[in-house]
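Single-structure report; data block below.
In this chain, residues are counted from 1 in sequence order. We use all heavy atoms of the structure for the numbers below, so side chains are in, but hydrogens, waters and symmetry mates are not.
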Amino acid sequence: MTAQQSVGSVTGTLEAAYPLHWAEPWDRAGLVLGERTAAVQRVLLAVDPTLAVAREAVDRGAELLVTHHPLLLRGASFLPADEGKGAVVTHLLRQGTALWCGHTNVDRSTRGTVGAWLELLDLQEAQPLLPGETIEEAEHGSRRFGLGAVGSLPVPTTVGELAAMIADRVPATARGILHTGDADRRVATVAVCPGAGDSFLEAAVAAEADVYITSDLRHHPALEHLESAADPAAVPALIDVPHAASEALWLPLAQELLTSAVPGLEVLVSEHTTDPWSGRLP
């Protein structure tokens, strides 16, 4: 007979693979809502704890919702049920669905978002993008790696071909994948930071990457990066991947982790996209 699982036992498995002390000091990772002793038979995985996702978790019978982004990252003093975050909290609590969020502790794991990108790109001899990152082993084959990585492609390609491959592998969005410069520029060394990574532009330069893949690149930092050298080839080209699409690559890894580590647990992946954009004009 399969042992009864609880919110505490399932989130304990997650925290064994993605230790909470791996999270940045400003982050809010861990159990947000719910009773640790409550029984769990079904889990829903998603990138963001939106109201639509919360409703999906309840409708699909999940007793635990696991999301990448925290619900209350910037804190909240009021949570009325007629406002977004308050509606999420109210809906989940009324239905007895717990919420656990794993953010930067998941980002830097080889079984998290950076690991998903290492796998997608098949980066060879990969190293943390930021020198000095502590390498630490966790449970379930997870290893603390870094918030970004740099390594070599198995076979060199071009910026355009790499962007097209990424577009084919990540969830589709209205905006799609953007890249800078010449699409035929040769790429052998790649730097990547899942999620918002414009603060690591200098690290990508220092790593002598041919291209830097990240999300949420703003106009001024991107332009200043490209204009920082007279020769465009002297700085990495940029590939911008929509934030939700970039981090959704973690969900299958989390599903595999929980399915293998927690016998009898049903683990679902959300059918909702939480990318905020729904349309694009030429």
Minimum-distance pair of heavy atoms, taken over all atoms of [X] and [Y]:
X    : Y    : value
S109 : A17  : OG-O, 4.2 Å
V43  : A62  : C-CB, 4.1 Å
L147 : E133 : N-OE2, 3.8 Å

Can you list every side-chain hydrogen bond (donor to acceptor under 3.5 Å, both in side chains) pair that touches residues 90-106, not counting sequence neighbours?
-> E15-W100, D27-H103, D27-T104
Heavy atoms from other residues, nucleotides or ligands near [atom1] of [X] exceed 12 (cutoff 6.0 Å):
X    : atom1 : answer
E125 : CD    : no
E208 : CD    : no
H21  : NE2   : yes
E35  : CD    : no
R36  : CZ    : no

With sequence neighbours left out, which residue pairs that include part of residues 105-162 fulfil the ring-ring contact (aromatic ring centres under 6.0 Å, His included) condition?
-> none
Qualifying residues under side chain to side chain contact (heavy atoms under 4.5 Å, CB included), relative to R28, sequence neighbours excluded = P70, L73
Has the side chain of R42 got a donor or acceptor atom that lies under 3.5 Å from a matching backbone atom of L268?
-> no
Does any N or O in the side chain of R185 come within less than 3.5 Å of the main-chain N or O of A233, such that one atom is a donor and the other an acceptor?
-> yes
Close side-chain approach of T37 to V7, heavy-atom, < 4.5 Å = no
Are E56 and L65 close enough that some pair of their side-chain heavy atoms sits under 4.5 Å apart?
-> no
Pair Q41-Q5, side chain to side chain contact (heavy atoms under 4.5 Å, CB included): steps then yes or no | CA-CA 7 Å; Q41 293 181 315; Q5 301 299 333; over 6 Å; no
Checking side-chain hydrogen bond (donor to acceptor under 3.5 Å, both in side chains) against H68, which of D48, T113, D107 comes through?
-> D107
Does anything in residues 190-205 pair up under salt bridge (Lys or Arg N to Asp or Glu O under 4.0 Å), and if so which pairs, sequence neighbours excluded?
-> D198-R218
Counterpart residues, ring pair (Phe, Tyr, Trp, His ring centres under 6.0 Å), relative to Y18 (two or more places apart) = W250
Lys/Arg-Asp/Glu bridge criterion (N-O < 4.0 Å) met for E266, R60 | no
Taking only residues two or more places apart in sequence or in another chain, which ones pass side-chain hydrogen bond (donor to acceptor under 3.5 Å, both in side chains) with E139?
-> none
